[in-house]
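Notes follow the structure.
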Amino acid sequence: MIKSKKKNRFFLILIISLLSLFVFRIILTHTIGSKGMAYFSVSNDLFFLLAVAFSFGLEKAVDLLVDGYMQRQQYENAKRVVRGGGMAALIIGLLISFLLYLLSGKVTGGLFKMPLSSMGFYCIIPTIPFVLLTGVLRGYFSGINNNFLMNQSYVVFISTYLVFGYLGSFSLGNYGNKVSLLLKVDDFKYSYAAMGACIGILISAILTFLHALVLFILLSKRTDYNNGRDYSKSLESIPGLAVSLVINSLLPFALFGSFILTFLVNEIFILSSDKDTQTAVEFTFGEYYGKSISVAYIFALLIVLLIYNLLRKSISFSYKEEYRKAREQLMRMIHRGATLGFFVLGMVIVFSENILGILYVDNGASTVSNLQIEAISIIFAAFALVLVEILVQLGYINLTGIIALGSCVIHIVVSLIMVYSLKLSIKGAIIGNIIFFALVCGVSFVIVSRIFQYTQEWFRCFVVSFIGAGVSSLIGLFINKAIASKVGNLISLIIVLVICIIVYAIILLALRGYDEEELEESVPGRIMLALGRTFNLI
């Protein structure tokens with residue numbers, strides 16, 4: 001039987017946090033410009049790969065060991081895990097920071113071809129030990145089954161990251177503008193603004209660590225573990241625990257880090273392969289990083305939120321060994337995800353120019369086309385996240401790390417060919433993204449299906465949804481082209497979207513894409529049910 005802890009909202013908080021980060025990118029693009037986003041991307045992605053991803057790995061490793069010791073009532077060993085984890089986090093964090101400092105010129109100027117990005121790069125170097133230490137404390141909170149404190153720490157991190165990141169970019173952006181006017185070099189205003197956002201990351205890392213440390217100290221004083229009987233026959237050595245934690249953190253790190261590494265590799269390939277002037281390359285990549293990626297993955301995360309309740313129910317029934325009900329919820333989750341995913345994919349392709357026109361004043365044709373291609377990854381990314389979450393919750397976190405790492409390696413090879421051999425630049429990198437998410441999604445789906453003994457109903461779930469989304473998207477495309485120039489992007493989007501939703505719902509009902517029982521489960525479903533009965537489709 002799968003042993004579950006108390007209800008944990010970590011995945012929900014993670015999705016909301018990622019959603020907030022992509023919304024933040026959209027806002028930040030307005031503040032520091034597309035070139036500023038290119039400078040910011042170097043520091044931001046390295047921060048998430050070397051600090052946040054490794055912190056996640058340590059968190060899961062500490063959680064595993066502490067949970068085991070607590071179940072055996074070896075409370076002192078559980079606390080020694082934190083000391084060993086803290087020692088490992090501090091040593092690794094300082095080592096990574098020192099290496100980044102030594103290699104800063106080669107990283108920013110050589111690898112990324114953006115020497116001025118070093119201004120922000122230096123600001124994220126001190127964050128790494130703080131973030132890794134925070135991961136150890138979060139792992140302890142999770143290990144003793146206090147998920148509220150762990151989730152609270154994530155909320156503190158993301159909220160301070162957003163607030164201080166924006167304030168830093170705004171204030172230093174204004175100063176950088178004065179420097180650019182004085183030196184008559186425009187790039188300084190972008191690099192200073194990016195540095196301001198990175199200072200916000202540094203402040204966030206310190207505050208989050210202090211918050212977790214205070215919670216740990218208060219928790220240690222208030223718990224009565226020391227007053228109870230400790231059944232540990234011997235105490236584990238702290239250096240031995242540190243080594244064990246590092247080893248156990250590698251595959252969880254690979255799981256989280258592979259998703260970030262795909263974007264970081266794309267960034268290196270694009271910036272180092274383009275033969276245009278460096279200024280043009282930085283602007284083009286900043287447009288892609290701040291606009292196309294952000295919009296596409298906001299929609300992917302919204303799909304995840306809309307099917308989260310079914311995901312939670314499927315996992316919950318698995319914990320209770322009610323596998324028939326778990327399969328039913330899994331089927332409904334995949335069905336609803338496919339219905340939403342294909343429709344969102346079609347709408348993003350149709351309304352890409354409208355969406356970018358509403359969010360930004362100036363958008364090049366390449367930005368619109370990049371978003372349209374990136375939209376293909378929306379459905380794969382949404383399913384990859386929920387399927388990986390199922391595997392993680394069922395205790396297969398190391399397996400998911402191997403899946404993600406293997407998919408990342410294939411992504412790197414494909415992107416390398418697309419960008420360097422076929423000269424597709426950003427579009428080649430986007431194709432690599434699609435393949436990465438498709439691989440994670442496909443392999444995870446096969447494994448989940450075997451665990452649940454689940455058989456997929458392909459026609460009603462995918463074919464009907466694809467046909468409905470395709471027909472409604474074509475209708476929307478023609479209408480939008482006809483009226484957008486007359487009524488504006490926003491009004492056209494609202495009118496055409498309503499029409500597309502109605503057409504899509506009618507097609508789903510006509511092709512028996514949903515039965516009445518499924519439709520009764522949600523408010524949109526009940527509206528569709530009423531629509532179907534009105535037109536005698538049900």
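Quick note: residue numbers are just sequence positions, from 1.
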(request) Would you verify whether the NZ or CZ of Lys291 falls within 45 degrees of the ring axis of Phe283 while also being under 6.0 Å from that six-membered ring's centre? (result) no

(message) With a 6.0 Å cut-off on the ring centroids, do Phe269 and Tyr420 count as close?
(response) yes

(request) Please report the closest heavy-atom contact between Ser352 and Leu371, naming both atoms and the distance. (result) CB-CD2, 3.8 Å

(message) If the test is side chain to side chain contact (heavy atoms under 4.5 Å, CB included), which one of Val448, Thr400, Ile447 qualifies with Ile390?
(response) Val448

(message) Looking at Phe188, is its backbone amide N or carbonyl O close enough to the side chain of Ser191 to form a donor-acceptor pair, meaning the two atoms are under 3.5 Å apart?
(response) yes

(message) Are there over 12 heavy-atom neighbours, none belonging to Tyr454, within less than 6.0 Å of that residue's OH?
(response) yes

(message) On a heavy-atom basis, which atom in His411 and which in Thr262 lie closest, and how many Å separate them?
(response) CE1-O, 3.2 Å

(request) State whether the side chain of Asn248 and the backbone N or O of Ser244 hold a donor-acceptor pair below 3.5 Å, judged by distance alone. (result) yes

(request) Check for a donor-acceptor pair, side chain of Tyr319 on one end and backbone N or O of Ser314 on the other, with a separation under 3.5 Å. (result) no

(request) Give a yes or no on whether the backbone of Val131 and the side-chain of Ser55 come within a donor-acceptor separation of less than 3.5 Å. (result) yes

(request) Applying ring pair (Phe, Tyr, Trp, His ring centres under 6.0 Å), run through Tyr166 and Phe24 and close with a yes or a no. (result) CA-CA 8 Å; Tyr166 177 77; Phe24 175 68; 7.5 Å; no

(request) Examine distances only and state if a side-chain atom of Thr31 and a backbone atom of Ile27 form a donor-acceptor pair shorter than 3.5 Å. (result) yes

(message) Whether the side chain of Gln372 engages the backbone of Ile349 through a donor-acceptor N/O pair (distance < 3.5 Å, no angle test) should be reported.
(response) yes

(request) Using modelled atom types only, decide if a donor and an acceptor are shared between the side chain of Ser43 and the backbone of Phe40 within a distance under 3.5 Å. (result) no

(request) Using atom types as modelled and distance alone, determine if a side-chain donor or acceptor of Asp63 lies under 3.5 Å from a backbone N or O of Glu59. (result) no

(request) Just say parallel, tilted or perpendicular for the rings of Phe383 and Phe462, cut-offs at 30° and 60°. (result) tilted

(request) Could you walk me through whether Tyr39 and Tyr190 pass ring pair (Phe, Tyr, Trp, His ring centres under 6.0 Å), step by step? (result) CA-CA 7 Å; Tyr39 292 130; Tyr190 303 117; 7.0 Å; no

(message) Tell me every residue that passes side chain to side chain donor-acceptor pair (under 3.5 Å) with Tyr288, counting only those two or more places apart in sequence or in another chain.
(response) Glu374, Asn433

(message) Given Phe54, which partner from the list Phe47, Phe253, Phe256 fulfils the ring pair (Phe, Tyr, Trp, His ring centres under 6.0 Å) test?
(response) Phe253

(message) Is the ring pair Phe48/Phe157 parallel, tilted or perpendicular, if the boundaries are 30 and 60 degrees?
(response) perpendicular

(message) Are Phe259 and Phe436, when compared by the centres of their aromatic rings, separated by less than 6.0 Å?
(response) yes

(request) Using modelled atom types only, decide if a donor and an acceptor are shared between the side chain of Ser142 and the backbone of Arg138 within a distance under 3.5 Å. (result) no

(message) Would you say the rings of Phe437 and Phe380 are close, in the sense that their centroids are separated by under 6.0 Å?
(response) no

